[in-house]
Amino acid sequence: MSPKLTKAEQTQRTRRAILDRARQLFATKGYAATGTEEIIRDLGITRGALYHQFHNKLGVFRAVIVEAYSEITDSIRVQIQPLDTNWEQLITGCQAFLEVAQQEELRRLVFVEAPAVLAADDLTAIDQYGFGLLRASIQLAVEEGQLNVLDAEGFAHLVNGSLDELAAWVAQSPEADRLKTAQGLVETLLTLHRSGEA
């Protein structure tokens, strides 16, 4: 006989079930076409349990997007970790972010639904972890004399904005050429600011 779950474990299991079901629905049907009844259907969960955990449908959606951004950042970390230099990590990290725009589930969640549903400042707050990774890499490149820019913080925002726009552009088409073009453009942007002595 399996041990009885504690209240905290039951709460965590309920939360996980809601998030998994909601993510699948938001990624396939979209936010607007997904109702709270559909999220809890077949889960053995009441609407009250959903509201207790997340307050409303928007709260569920925001939690799904927070997890999606965390997955993206963790995936980028895994890809850049084995690389020898910060410069390689910077280029590869930016290009890895753009690849997400052609991964069907994340593409719809992050580049189609999230900008349509969440306020821009909320998305900025959610992306602080990923942006922090980019900013630290650019700051290090400046300190190592690899990047020649007016201001490291401002340049990090410039690159981040460019990545967001390029990813949205890539997300509009499944063509591999569009992704390759976007990856080439961001590498060109960074290389144009590379110091001659690097």
Side-chain angles (χ1 to χ4, degrees), residues 1-83 89 92-137 139 156 160 163-164 167-168 170-171 174:
M1 193 166 120
S2 60
K4 193 165 191 240
L5 294 175
T6 66
K7 187 157 179 60
E9 288 168 335
Q10 287 174 332
T11 299
Q12 189 54 40
R13 186 173 282 189
T14 298
R15 180 180 176 83
R16 184 74 264 149
I18 292 169
L19 285 173
D20 289 344
R21 178 75 174 133
R23 177 171 175 149
Q24 185 258 325
L25 289 167
F26 291 144
T28 53
K29 298 180 67 174
Y31 177 82
T34 299
T36 53
E37 276 300 325
E38 192 173 9
I39 293 171
I40 62 171
R41 190 182 305 143
D42 304 324
L43 294 181
I45 294 168
T46 65
R47 195 188 296 234
L50 182 145
Y51 292 149
H52 176 71
Q53 292 271 351
F54 301 101
H55 303 298
N56 53 29
K57 184 174 84 164
L58 184 60
V60 179
F61 181 75
R62 190 183 189 284
V64 166
I65 298 303
V66 167
E67 283 195 349
Y69 268 91
S70 181
E71 282 174 33
I72 292 166
T73 306
D74 290 344
S75 172
I76 290 170
R77 277 192 186 281
V78 167
Q79 290 184 59
I80 67 174
Q81 198 270 331
L83 300 174
Q89 290 178 344
T92 301
C94 289
Q95 292 178 333
F97 175 76
L98 293 172
E99 287 171 8
V100 174
Q102 287 195 335
Q103 295 171 16
E104 190 51 40
E105 187 191 57
L106 286 172
R107 179 196 73 80
R108 173 104 189 237
L109 287 170
V110 173
F111 301 111
V112 178
E113 296 296 324
V117 176
L118 298 173
D121 57 347
D122 201 15
L123 279 175
T124 299
I126 290 169
D127 189 33
Q128 277 308 298
Y129 183 48
F131 176 68
L133 193 63
L134 174 66
R135 181 177 52 205
S137 188
Q139 182 65 49
N160 194 55
L163 285 170
D164 286 344
V170 170

Answer yes or no: is there a side-chain heavy-atom contact under 4.5 Å between [X] and [Y]?
X      : Y      : answer
Thr124 : Phe131 : no
Thr34  : Phe61  : no
Tyr129 : Asp74  : yes
Thr46  : Ile40  : no
Arg107 : Gln102 : no
Asp127 : Asn160 : yes
Phe26  : Val60  : yes
Tyr31  : Leu58  : yes

Give a yes or no on whether Arg13 atom CZ has more than 12 heavy-atom contacts from other residues, nucleotides or ligands under 6.0 Å away.
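No, CZ of Arg13 has 12 or fewer neighbouring heavy atoms, counting only those of other groups under 6.0 Å.
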Polar side-chain atom of Arg108 near backbone of Thr28 as donor-acceptor pair, under 3.5 Å
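Pair found, side chain donor or acceptor close to backbone of Thr28.
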Check: Ile80 main-chain N/O paired with Gln89 side-chain donor or acceptor under 3.5 Å:
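Checking the backbone N and O of Ile80 against the side chain of Gln89, a donor-acceptor pair under 3.5 Å is found.
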Going through the distances and angles, do Arg62 and Ile126 end up as a side chain to side chain contact (heavy atoms under 4.5 Å, CB included)?
CA-CA 9 Å; Arg62 190 183 189 284; Ile126 290 169; 3.6 Å; yes
Salt bridge or not between Glu71 and Arg23? Use side-chain N to carboxylate O under 4.0 Å.
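Answer for the salt bridge query: yes.
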I'd like to know if Arg16 and Glu67 make a salt bridge, using a cut-off of under 4.0 Å between side-chain N and carboxylate O.
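Glu67 and Arg16: salt-bridged.
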Under 6.0 Å between ring centres: does that hold for Tyr69 and Phe97?
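No, too far apart.
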Please report the shortest heavy-atom distance between [X] and [Y], naming the atom on each side.
X      : Y      : result
Leu118 : Asp122 : CD2-OD2, 3.8 Å
Ala167 : Phe111 : CB-CE2, 3.4 Å
Ala101 : Val170 : CB-CG1, 3.7 Å
Leu134 : Cys94  : CD1-SG, 3.9 Å
Thr73  : Gly130 : OG1-CA, 3.6 Å
Val110 : Ala114 : O-CB, 3.6 Å

To the closest 0.5 Å, what do you measure between CG (Leu50) and OG1 (Thr36)?
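The distance works out to 6.5 Å.
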Ile39 CD1 to Ile45 CD1 distance, which is reported to the nearest 0.5 Å
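Ile39 CD1 to Ile45 CD1: 10.5 Å, rounded to 0.5 Å.
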Walk me through it: do Gln95 and Gln79 pass the test side chain to side chain contact (heavy atoms under 4.5 Å, CB included)?
CA-CA 10 Å; Gln95 292 178 333; Gln79 290 184 59; over 6 Å; no
What verdict does the side chain to side chain contact (heavy atoms under 4.5 Å, CB included) test give for Arg21 and Leu25, after you've listed the backbone C-alpha separation in whole Å, the side-chain angles of each residue and the deciding distance to 0.1 Å?
CA-CA 6 Å; Arg21 178 75 174 133; Leu25 289 167; 4.0 Å; yes
